[in-house]
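Take a look at the structure below.
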Amino acid sequence: MKNKKLNHVITFAMGGILGFILSRKYYVKYCQEIRKKIESNVAVISRLEEWINILHFGKKMEEYLKENGYYSVLIYGMGRLGRILLDELEDSDISVLAAIDRNANNRFEDIRVISPDDIFPQADCIIITPLTGQNEIKKMLSSKIDCHIISLDELFVQL
């Protein structure tokens with residue numbers, strides 16, 4: 001009888017210890033995911049502050065694009081920054097032919113969204129809006145289309 005009770009106590013204790021270890025593992029993973037999202041949001045906010053400063057000084061994306069002969073563009077990435085860029089170019093002389101996004105099945109009323117696997121319409125320039133993975137995106141895009149490819153970060157520096 002004592003052995004049976006001891007076995008139950010040991011089993012209960014082992015279950016508690018195992019539960020603690022597993023929950024800690026998932027908690028750490030959850031915290032890492034939250035940290036990534038926070039860092040991403042901080043980066044977006046930083047770019048938006050830069051954009052506001054650029055607009056405050058009367059500069060526009062349209063001017064830079066026209067000065068460099070980019071009258072037709074594709075926007076890579078329809079996250080927050082991609083949608084804001086689309087809004088800025090909406091009433092300009094710049095024609096946004098389409099957006100390229102891995103989530104092409106997400107519908108945007110204002111623009112045709114195509115997958116990176118699709119055939120791209122010929123454009124003067126592609127503007128990359130994601131803040132991470134820009135080199136890999138440029139490499140992938142340059143293998144699919146012959147046009148100038150610039151990141152939003154590079155555009156901000158030029159303005």
Side-chain angles (χ1 to χ4, degrees), residues 2-56 59 61 64-65 70 73-90 96-121 123 125-159:
K2 277 187 174 182
N3 282 343
K4 200 172 193 180
K5 283 185 182 181
L6 184 59
N7 283 341
H8 286 300
V9 169
I10 291 172
T11 302
F12 180 74
M14 293 298 289
I17 292 169
L18 183 60
F20 174 77
I21 291 170
L22 289 175
S23 65
R24 187 174 187 293
K25 177 183 172 185
Y26 289 112
Y27 179 73
V28 167
K29 185 177 178 184
Y30 172 76
C31 289
Q32 289 170 341
E33 289 172 7
I34 295 296
R35 170 175 251 140
K36 272 180 138 177
K37 287 179 183 179
I38 289 170
E39 289 171 355
S40 174
N41 286 333
V42 166
V44 168
I45 289 168
S46 173
R47 292 323 177 284
L48 290 174
E49 287 174 339
E50 288 179 60
W51 208 327
I52 289 169
N53 284 333
I54 288 167
L55 292 172
H56 177 75
K59 298 178 182 178
M61 300 284 181
Y64 171 83
L65 295 170
Y70 307 138
V73 300
L74 298 170
I75 297 174
Y76 184 95
M78 285 306 288
R80 289 182 201 109
L81 296 174
R83 291 190 303 264
I84 293 170
L85 177 60
L86 178 63
D87 286 344
E88 181 172 333
L89 296 176
E90 187 175 31
V96 179
L97 303 177
I100 305 165
D101 198 285
R102 288 179 294 159
N103 298 315
N105 55 349
N106 291 345
R107 300 286 181 225
F108 296 92
E109 295 174 14
D110 303 359
I111 191 165
R112 182 177 125 215
V113 181
I114 57 177
S115 165
D117 299 325
D118 293 339
I119 297 173
F120 304 156
C125 179
I126 299 176
I127 303 169
I128 299 172
T129 63
L131 301 175
T132 58
Q134 293 174 356
N135 291 335
E136 295 81 10
I137 294 168
K138 273 187 178 183
K139 191 174 185 179
M140 179 272 297
L141 292 172
S142 63
S143 72
K144 295 189 60 102
I145 189 169
D146 184 26
C147 71
H148 188 76
I149 301 169
I150 188 167
S151 72
L152 202 54
D153 285 339
E154 293 168 325
L155 258 175
F156 286 169
V157 169
Q158 297 301 318
L159 293 171

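Being a predicted model, the structure only gives us computed values, none of them experimental. Heavy-atom basis, side chains included; hydrogens, waters and symmetry copies ignored.
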Q: Identify the heavy atoms of Ile111 and Ala98 that sit nearest to each other, and give their distance.
A: CD1-C, 3.6 Å

Q | Side-chain heavy atoms of Leu141 within contact of Phe120, under 4.5 Å | A | yes

(Q) The test is side-chain contact (heavy atoms from CB on, under 4.5 Å); show your working for Leu81 and Arg47 and say whether it passes. (A) CA-CA 8 Å; Leu81 296 174; Arg47 292 323 177 284; 4.3 Å; yes

Q.
Please find the pair of heavy atoms, one from Pro130 and one from Tyr76, that lie closest to each other, and give the distance.
A. CD-O, 3.2 Å

Q | For Glu50, side-chain hydrogen bond (donor to acceptor under 3.5 Å, both in side chains) partners two or more places apart | A | none

Q) Going from CG on Leu97 to CD1 on Ile126, what distance comes out if it is rounded to the nearest 0.5 angstrom? A) 10.0 Å

(Q) So which atom in Tyr64 and which in Leu155 form the shortest heavy-atom distance, rounded to 0.1 Å? (A) CD2-CD2, 3.0 Å

Q) Closest heavy-atom contact between Ile137 and Thr132? A) CD1-O, 4.0 Å

Q) In Å and rounded to the nearest 0.5 Å, what is the CG to CD distance from Leu85 to Glu90? A) 11.5 Å

(Q) Show every salt bridge (charged side-chain N to carboxylate O under 4.0 Å, His left out) that has at least one partner inside residues 32-41, sequence neighbours left out. (A) Arg35-Glu39

Q. What residues, two or more places apart in sequence or in another chain, satisfy side-chain hydrogen bond (donor to acceptor under 3.5 Å, both in side chains) together with Arg80?
A. Asn41

Q) Who are the side chain to side chain contact (heavy atoms under 4.5 Å, CB included) partners of Ile119, not counting sequence neighbours? A) none

Q) From Ile54 CD1 over to Glu49 CD, what is the distance, rounded to the nearest 0.5 angstrom? A) 12.0 Å

Q: Return the minimal non-hydrogen interatomic distance between Ala123 and Leu74, and the atom names on each side.
A: CB-CG, 3.8 Å

**Q.** Nearest-0.5 Å distance, NZ of residue Lys29 to CD1 of residue Ile34
**A.** 13.0 Å

Q: Heavy atoms only: give me the nearest Gly77-Thr129 pair and the separation to one decimal.
A: O-OG1, 2.9 Å

Q) side chain to side chain contact (heavy atoms under 4.5 Å, CB included) with Cys125: which residues, sequence neighbours excluded? A) Tyr70, Val73, Ile127, His148, Ile150

**Q.** Polar side-chain atom of Glu88 near backbone of Met61 as donor-acceptor pair, under 3.5 Å
**A.** yes

Q: Among residues two or more places apart or on two chains, list those pairs meeting salt bridge (charged side-chain N to carboxylate O under 4.0 Å, His left out) that have a residue in residues 130-152.
A: Lys138-Glu154

Q) Looking at NE2 of His56 and CD1 of Ile52, how far apart are the two atoms once the value is rounded to the nearest 0.5 Å? A) 11.0 Å

Q: Any chance you could measure Asp101, atom CG, to Ile114, atom CD1, to the nearest 0.5 Å?
A: 10.5 Å

